[in-house]
Amino acid sequence: MFERGITGCIDLGSISWPGFNRNRKSCINDFPAVIQAALMLTVKAEIGCAAELWTNLEEEVDIERLKECFAVNQDILVGIKILVGRNETPTPELTQAVLKKAREACDEIGCRLFAHIANPVIPPGEWLSYLKPGDVVTHTYNKGNILDETGTVRPEVWEARERGVLFDTGRGSRNWSVEMAKPAFAQGFYPQMITSDLSALSNDKYTSRLNVHMAECMALGMEFKDVLACVTDAPASLMNHMKTGLKVGYPANISVLELKEGEVTFRDAFGVETKAGCQVLPVATVVKGKVLYDRTDTGY
């Protein structure tokens, strides 16, 4: 993570309430960087198999236990995560039920909703209706999410953005399609957050490298200053007690980056390539005042 210039992150739904305290003790508390988290709505997150989610919604979701977990871990928990898509929720009835239960849980707890959206079986106007200002759509540029059959960003998607719903890239592997992102970017529908979606399924040089994805977004039309805001100020605004910027008294969490000119090719999981003339390369990473990555050979 430090070799990729990352000083902090949000884990989105790797685990739910049954194992979170154990996970915090073993993986989060003593880690050098800041890690905060969103709990998966369903306890089936514990087995890590999306195909087995939502077999019994009432048994899988315990809002009271989720509330208890938030109360104990309010310093690092930032929301609830759900998986909604053609594979995860294959029927309209199940999709609506999961969204309804997620809305109920987030309203009861008083937290934001992070929604993994992957070509759901109901139209955008329906699934977006469950999201409130501050909630996050991740994997925005997945196939089937925000464009109509002509490649135009749907009006209800623009409307959701105008009322405060946030849209995140969640690059990952097959959760990002250049065929979706390119026309959306051309219409001015840029992401409000740029994230890697690192997982066991997306750990390769084309997908999970945040710095690579930053340059990829620049190749599709974003300015570097906007890309930078999408990986710093924007995600930090969702975290608890997180400050960004270089100011006296702030934690020294610093990523030094190089914009290296030269021909480069980006490729999505569907084989679509994007040619570019610039890379974003990590040079050094400082976390809480300690240099944890440094390729400058300065000796310190």
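- With hydrogens and angles disregarded, no donor-acceptor distance shorter than 3.5 Å links the side chain of Asn73 to the backbone of Leu77.
- Atom CD of Glu273 has more than 12 heavy atoms from other residues, nucleotides or ligands within 6.0 Å.
- Scanning all heavy atoms of the two residues, the minimum distance from Ile35 to Ile28 falls at O-CG2, 3.6 Å.
- Looking at Gln187, its side chain does come within 3.5 Å of a backbone N or O of Val153 through a donor-acceptor pair.
- Across all non-hydrogen atoms, the minimal contact from Ile194 to Cys217 is CD1-SG, 3.8 Å.
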Legend entry - Stepwise side-chain contact (heavy atoms from CB on, under 4.5 Å) test for Phe114 and Thr138: CA-CA 7 Å; Phe114 293 86; Thr138 192; 5.7 Å; no

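- Using a 30° and 60° split on the angle between ring planes, Phe167 and Phe189 fall in the perpendicular class, above 60°.
- If you chain together hydrophobic residues whose side chains sit under 4.5 Å apart, Leu210 and Val227 fall into the same group.
- The pair Arg174-Asp268 does not count as a salt bridge, with every side-chain nitrogen at least 4.0 angstrom from each carboxylate oxygen.
- At least one donor-acceptor pair under 3.5 Å links the side chain of Asp135 to the backbone N or O of Leu113.
- A single hydrophobic cluster is seen to contain both Leu131 and Trp158, as judged by linkage of ILVMFWY side chains at heavy-atom distances under 4.5 Å, directly or through other members.
- Note that CG of Leu83 and CD of Glu88 are 5.5 Å apart. Values are rounded to the nearest 0.5 Å.
- Residue Ser255 comes nearest to Gly5 through the heavy atom pair OG-O, 2.9 Å, listed as atom of the first residue, atom of the second, then distance.
- Between Arg154 and Glu159, none of the side-chain N atoms (NZ, or NE/NH1/NH2) sits under 4.0 Å from a carboxylate O, so this pair counts as no salt bridge.
- For the pair Val121 and Thr91, the minimum side-chain heavy-atom distance is 4.5 Å or more.
- The distance from the NZ atom of Lys67 to the CD atom of Glu108 is 4.0 Å, given to the nearest 0.5 Å.
- A heavy-atom distance below 4.5 Å is found between the side chains of Ile10 and Leu238.
- Test Thr232, Leu292, Thr285 against Thr7 for side chain to side chain contact (heavy atoms under 4.5 Å, CB included) and you get one pass: Thr285.
- Panel note: side chain Asn145, backbone His139; a donor-acceptor pair is recorded below 3.5 Å.
- Grouping the Ile, Leu, Val, Met, Phe, Trp and Tyr side chains by contacts below 4.5 angstrom, directly or via other members, places Leu39 with Tyr130.
- Once rounded to the nearest 0.5 Å, the distance linking CG of Leu281 with CE of Met214 reads 10.5 Å.
- Geometrically, Lys143 engages Phe270 in a cation-pi contact defined by less than 6.0 Å to the ring centre and at most 45° from the axis.
- Note: Glu223 CD to Tyr190 OH = 8.0 Å, rounded to the nearest 0.5 Å.
- For the pair Asn119 and Gly144, the tightest heavy-atom approach, listed with the atom from each and the gap, is OD1-CA, 3.4 Å.
- Taking every heavy atom of both residues into account, Lys132 and Arg163 meet most closely at CA-NH1, 4.1 Å.
- Linking Ile, Leu, Val, Met, Phe, Trp and Tyr residues whenever their side-chain heavy atoms come within less than 4.5 Å places Leu12 and Val34 in a single cluster.
- Defined by atom type and a distance below 3.5 Å, a donor-acceptor pair is present between the side-chain atoms of His213 and Thr169.
- Across every non-hydrogen atom of Met1 and Ala33, the tightest pair is CE-CB, 3.9 Å.
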side-chain contact (heavy atoms from CB on, under 4.5 Å) between Met193 and Leu166: does it pass, once the steps are laid out?
CA-CA 8 Å; Met193 285 178 289; Leu166 303 174; 4.2 Å; yes

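- At a threshold of 4.0 Å, the pair Arg24-Asp11 does not count as salt-bridged, since none of the basic side-chain nitrogens sits closer than that to a carboxylate oxygen.
- Two residues are said to be in side-chain contact when any heavy atoms from C-beta on lie closer than 4.5 Å; Pro32 and Phe2 meet this criterion.
- Counting non-hydrogen atoms of neighbouring residues, nucleotides and ligands closer than 6.0 angstrom, the CD atom of Glu258 exceeds 12 such neighbours.
- Following chains of ILVMFWY side-chain contacts shorter than 4.5 Å, one can reach Ile82 starting from Ile117, so the two form part of one hydrophobic cluster.
- Between the side chain of Asp75 and the backbone N or O of Asn240, no donor-acceptor pair lies under 3.5 Å.
- In this structure, a donor-acceptor pair under 3.5 Å is absent between the side chains of Asp197 and Thr195.
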Q: Check the pair Arg295 / Glu3 against salt bridge (Lys or Arg N to Asp or Glu O under 4.0 Å), numbers first and verdict last.
A: CA-CA 9 Å; Arg295 66 175 177 85; Glu3 292 183 1; over 6 Å; no

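- Between the side chains of Asn142 and Asn175, at least one donor N or O lies within less than 3.5 Å of an accepting N or O.
- With hydrogens and angles ignored, the 3.5 Å screen pairs a side-chain donor or acceptor of Glu60 with a backbone N or O of Asn56.
- A donor-acceptor pair is defined here as one N or O able to donate and one able to accept, closer than 3.5 Å; no such pair exists between the side chain of Ser173 and the backbone of Ala269.
- For the atom pair Cys230 SG and Lys225 NZ, the distance stands at 10.5 Å (nearest 0.5 Å).
- A salt bridge links Glu58 to Lys101: one of the charged nitrogens lies within less than 4.0 Å of a carboxylate oxygen.
- Considering only heavy atoms from C-beta on, Val84 comes within 4.5 Å of Val98 through its side chain.
- Comment: Glu59 does not engage Lys44 in a salt bridge, judged by the lack of any side-chain N to carboxylate O separation of less than 4.0 angstrom.
- Expressed to the nearest 0.5 Å, how far CZ of Arg103 lies from CG of Leu41 amounts to 11.5 Å.
- Using modelled atom types, no side-chain atom of Thr152 and backbone atom of Asp148 make a donor-acceptor pair closer than 3.5 Å.
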